[in-house]
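Here is the structure we will look at.
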Amino acid sequence: MKYHTLMKYIAVLLATLALLAPRAWADDYSLLEWDDLIPLEEQLNPPPFPEVDHEDEFAIPAQPIGKVVPTLNGRKVRLPGFVVPLEGDSKQITTFLLVPYFGACIHVPPPPTNQIVHVEYPTGAQVDDLWDAVWVTGTLRTVGASHEMGDAAYSLEGTSVEPYNL
C-alpha cells in the first residue's frame, strides 16, 4: 500500500472516531426533561395548586409536594434549567437549586418539590449571567434537600455545568 493511500485511510479513521467520540459521551447520560421528574400518576392527576392570599402580603403559600420517580435514582443525567444560587462567591457557585423556569423559588409559591433539583458542584460553576439557562450533568438521586428558597425532591452530584445551547 502506498504511503498516501495509507495516510488517507488513517485520516478517514481518525475523522470517524472524532465524530463518534461526542456521541459515545452523550450516551453515558440520559437527557431529561422536567416532566420526566414527575411520576406518571401525578402527571395525570396533579395535586391542587395552593391558594394565594392576595389580601395578606406576608402570607406565603405552601410549596406543593411532588413525588419522585424511583427509577431515576443513581442515573447519570443531563438536565437544562435555571440556577438559584445557594453557596459560593461572586465568581463561582458551588451549591444551587436547578429550576425549570427563571424566577422560580424567588416568586411565590415555589414549584413543586419534584420540579426543584438541589445541585452540589464542588468544582464551582462560573455563572456569569443568572438570566441564562444552563445544562447540568451529573448523578441524580431521589434524596431531597431543604432550603429557605424551597425544598427539592431530587439531588444531583454535578460533573459539569455549561451554558444552554440548542
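For the pair P39 and V68, the tightest heavy-atom approach, listed with the atom from each and the gap, is CG-O, 3.4 Å. The shortest heavy-atom contact between P110 and P64 is O-CD, 3.6 Å. Residue W34 comes nearest to V99 through the heavy atom pair CZ2-C, 3.5 Å, listed as atom of the first residue, atom of the second, then distance. The minimum heavy-atom distance linking P85 with F96 is given by the pair CA-CB, 4.0 Å. Here the shortest heavy-atom pairing between L97 and G150 reads CD1-O, 4.2 Å.
Rounding to the nearest 0.5 angstrom, the gap separating the CG atom in L156 from the CG atom in L72 is 11.0 Å. Between atom NZ of residue K76 and atom OG of residue S30 there is a gap of 10.5 Å, rounded to the nearest 0.5 Å. In this structure, CD1 in I93 is found 11.0 Å from CD in E87, a value given to the nearest 0.5 Å. From T142, atom OG1 reaches atom CG of N114 across 12.0 Å, with rounding to the nearest 0.5 Å. Distance check: H147 NE2 to L86 CG gives 4.5 Å after rounding to the nearest 0.5 Å. For the atom pair I38 CD1 and Q115 CD, the distance stands at 4.0 Å (nearest 0.5 Å).
Within the 4.5 Å cutoff, side-chain heavy atoms of P47 are placed close to those of E42. The shortest side-chain heavy-atom distance between T123 and Q92 does not fall under the 4.5 Å cut-off. L98 is not listed as a side-chain neighbour of F82, based on a closest heavy-atom distance of 4.5 Å or more. Contact annotation: the side chain of E120 never approaches that of T94 to less than 4.5 Å [non-hydrogen atoms, C-beta and beyond]. Counting heavy atoms from C-beta on, the side chains of V161 and V119 never come closer than 4.5 Å. With contacts defined as side-chain heavy-atom distances shorter than 4.5 Å, the pair L37/L140 qualifies. Between L79 and Y29 there is no side-chain heavy-atom pair separated by less than 4.5 Å. Two residues are said to be in side-chain contact when any heavy atoms from C-beta on lie closer than 4.5 Å; D151 and S146 meet this criterion.
T113 places no side-chain N or O within 3.5 Å of a backbone atom of I65 that could act as its donor or acceptor partner. With hydrogens and angles disregarded, a donor-acceptor distance shorter than 3.5 Å links the side chain of D36 to the backbone of E33. Between the side chain of S155 and the backbone N or O of R141 there is no donor-acceptor pair closer than 3.5 Å.
Under the 4.5 Å side-chain contact rule for hydrophobic residues, Y164 and L31 share a cluster.
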* To do: Would you please test H118 and T95 for side-chain contact (heavy atoms from CB on, under 4.5 Å) and show each step?
  => CA-CA 8 Å; H118 182 268; T95 304; 3.4 Å; yes
